[in-house]
Amino acid sequence: MSTTQTITDPLASLVAADVQRVGAALAQDVFSQVFRHAVNAEDTDELAAQAAWQQGIQRWLDEGDSQGARTARLAFLVYALDAWGLAYTQAFRLQAIPPLTALLGSLRTRLDPQAEAQFAQHFAALSTQETAAIDGKIALRRSIHLALWHAMAACSAAEESTPIVQALGGLMLALDAQMPENGWRLLADSMATLQMALLEQGNAARAQEGTQQLFAALQHALPTERYQAALNLSSQALMGWMQARRAATE
């Protein structure tokens, strides 16, 4: 399994890699606001909040230089927001996140028939083609997994952190299953990111315990070759990060 395999992104001509990463960051920011609103619904104005989220999203969409580019951006953003929603409903045992459901619905109701057809085509590509917006997918999964890891690390007791660890492990395994060719790359990226976060936290007990549980579960559930390939790639990234960190302090 080569780490130097050439990857072709069928959406790159419409949404370049750097734009995909911006979209992943936007999805994280919007979802954070949506989730806070869901938790504190009585303290915020639903209509005003929805209008603010839509305005910020529309500004990013309007930066696309064609209708195809704009609908591809929208498809990626909906894909990303949906992934955040799925992760949090699983990790925190929620039935739904109503403000997110409303936002996702409102984003599509604005499309005319032609744009809707383009959106559907792009969204299908994201869902069925592993390399579609691959750079955005890597950034997306990294941020989701890291957010859940921080939630786990902040727990004060094992009974609080265990469900989050289980959900995080399930998401990472599902990612590998859904992307048989390239899932290990995204898995390796997240494994490296979580180890970096652990080192930055100074090996806090809860964070260390949860990370060990997560990696043990991955090793047990994945085929040996698959796990080892991801572990080797993540170790390379971690070593590069540590070397750069040491160089910065010299």
Side-chain angles (χ1 to χ4, degrees), residues 1-32 34 53-87 100-101 103-147 171-190 192-193 230 233 237:
M1 188 178 295
S2 172
T3 60
T4 59
Q5 174 186 347
T6 300
I7 296 178
T8 301
D9 177 358
L11 291 182
S13 62
L14 293 172
V15 188
D18 58 337
V19 178
Q20 294 172 24
R21 288 188 283 268
V22 171
L26 175 61
Q28 180 176 12
D29 181 56
V30 170
F31 179 78
S32 296
V34 170
W53 303 329
Q54 291 175 19
Q55 186 177 39
I57 290 169
Q58 193 61 50
R59 282 197 297 269
W60 183 67
L61 297 179
D62 288 342
E63 292 175 4
D65 57 9
S66 68
Q67 178 173 281
R70 290 187 289 273
T71 54
R73 287 183 182 221
L74 178 60
F76 177 75
L77 191 64
V78 169
Y79 175 90
L81 288 171
D82 189 58
W84 274 101
L86 177 62
L100 179 62
T101 302
L103 175 61
L104 292 175
S106 69
L107 291 174
R108 294 192 62 176
T109 56
R110 301 179 176 188
L111 300 177
D112 61 34
Q114 182 181 13
E116 174 62 32
Q118 290 180 338
F119 171 90
Q121 181 180 6
H122 299 321
F123 193 84
L126 288 164
S127 302
T128 61
Q129 298 183 43
E130 292 189 27
T131 59
I134 187 67
D135 290 275
K137 286 177 177 176
I138 291 172
L140 168 66
R141 297 300 171 176
R142 180 192 302 152
S143 58
I144 290 175
H145 297 160
L146 185 58
L171 288 167
M172 294 173 80
L173 289 172
L175 173 64
D176 182 72
Q178 292 161 3
M179 302 179 69
E181 294 296 326
N182 297 285
W184 68 280
R185 298 173 185 274
L186 278 70
L187 186 60
D189 180 88
S190 286
T193 299
L233 188 57

Looking at CG of L186 and CH2 of W184, how far apart are the two atoms once the value is rounded to the nearest 0.5 Å?
10.5 Å

Step by step, work out the side-chain contact (heavy atoms from CB on, under 4.5 Å) result for L107 and Q58.
CA-CA 9 Å; L107 291 174; Q58 193 61 50; over 6 Å; no

Indicate the atoms forming the closest heavy-atom contact of H122 with A75, along with that distance.
CB-CB, 3.6 Å

Under 3.5 Å: donor-acceptor pair, side chain of T193, backbone of R142
no

Looking at every heavy atom in both T131 and P10, which two are closest together, and how far apart are they?
OG1-CD, 3.6 Å

Can you tell me how far the CG atom of D135 sits from the CZ atom of R21, to the nearest 0.5 Å?
5.0 Å

Of all heavy-atom pairs between A192 and A237, which one has the smallest distance, and what is that distance?
CB-CB, 3.9 Å

Between L171 and A87, what is the shortest heavy-atom contact and its length?
CD1-CB, 3.6 Å

Spatial distance of atom CD (E130) from atom CD (E181) [nearest 0.5 Å]:
6.0 Å

Looking at D189 and R141, does any basic side-chain N land under 4.0 Å from a carboxylate oxygen?
no

Identify the heavy atoms of L77 and W60 that sit nearest to each other, and give their distance.
CB-CZ3, 4.3 Å

Are the side chains of W84 and V30 in contact, using a 4.5 Å heavy-atom criterion?
no

Which distance, rounded to the nearest 0.5 Å, do you find between the CD1 of I7 and the CG of D9?
9.5 Å

To the nearest 0.5 Å, how far apart are CG in L74 and CD in E116?
9.0 Å

Going by an N to O cut-off under 4.0 Å, is there a salt bridge joining E63 and R70?
no

Do L14 and V19 have side-chain heavy atoms sitting under 4.5 Å apart?
no

Check whether any side-chain heavy atom of Q54 lies under 4.5 Å from a side-chain heavy atom of R110, and answer yes or no.
yes

Take L104 and L100 through the test side-chain contact (heavy atoms from CB on, under 4.5 Å) and record every step on the way to the result.
CA-CA 6 Å; L104 292 175; L100 179 62; 4.1 Å; yes

Less than 4.5 Å apart, side chain to side chain, heavy atoms only: is that true for Q67 and D112?
yes

How about F76 and L11: do any of their side-chain heavy atoms sit closer than 4.5 Å?
no

Can you tell if the side chain of Q118 reaches within under 4.5 Å of the side chain of L111, non-hydrogen atoms only?
no

Can you list the steps and then say if L140 with H145 is a side-chain contact (heavy atoms from CB on, under 4.5 Å)?
CA-CA 9 Å; L140 168 66; H145 297 160; over 6 Å; no

Scanning both residues in full, the closest heavy-atom pair of A188 with A230 reads CB-O, 3.3 Å

Can a donor-acceptor pair be found, under 3.5 Å and without considering hydrogens, that links the side chain of S66 to the backbone of A69?
yes

Inter-residue atom distance L126.CG - Y79.OH, 0.5 Å rounding:
6.5 Å

Going through the distances and angles, do L146 and S143 end up as a side-chain contact (heavy atoms from CB on, under 4.5 Å)?
CA-CA 5 Å; L146 185 58; S143 58; 5.8 Å; no

Could you tell me whether the side chain of Q20 and the main chain of V15 form a donor-acceptor pair under 3.5 Å?
yes

Got D18 and V22 here, is their nearest side-chain heavy-atom distance under 4.5 Å?
no

Quick one, K137 and N182 - any side-chain contact, counting heavy atoms below 4.5 Å?
no

Under 3.5 Å, side chain of T71 to main-chain N/O of G68, donor-acceptor pair present?
yes

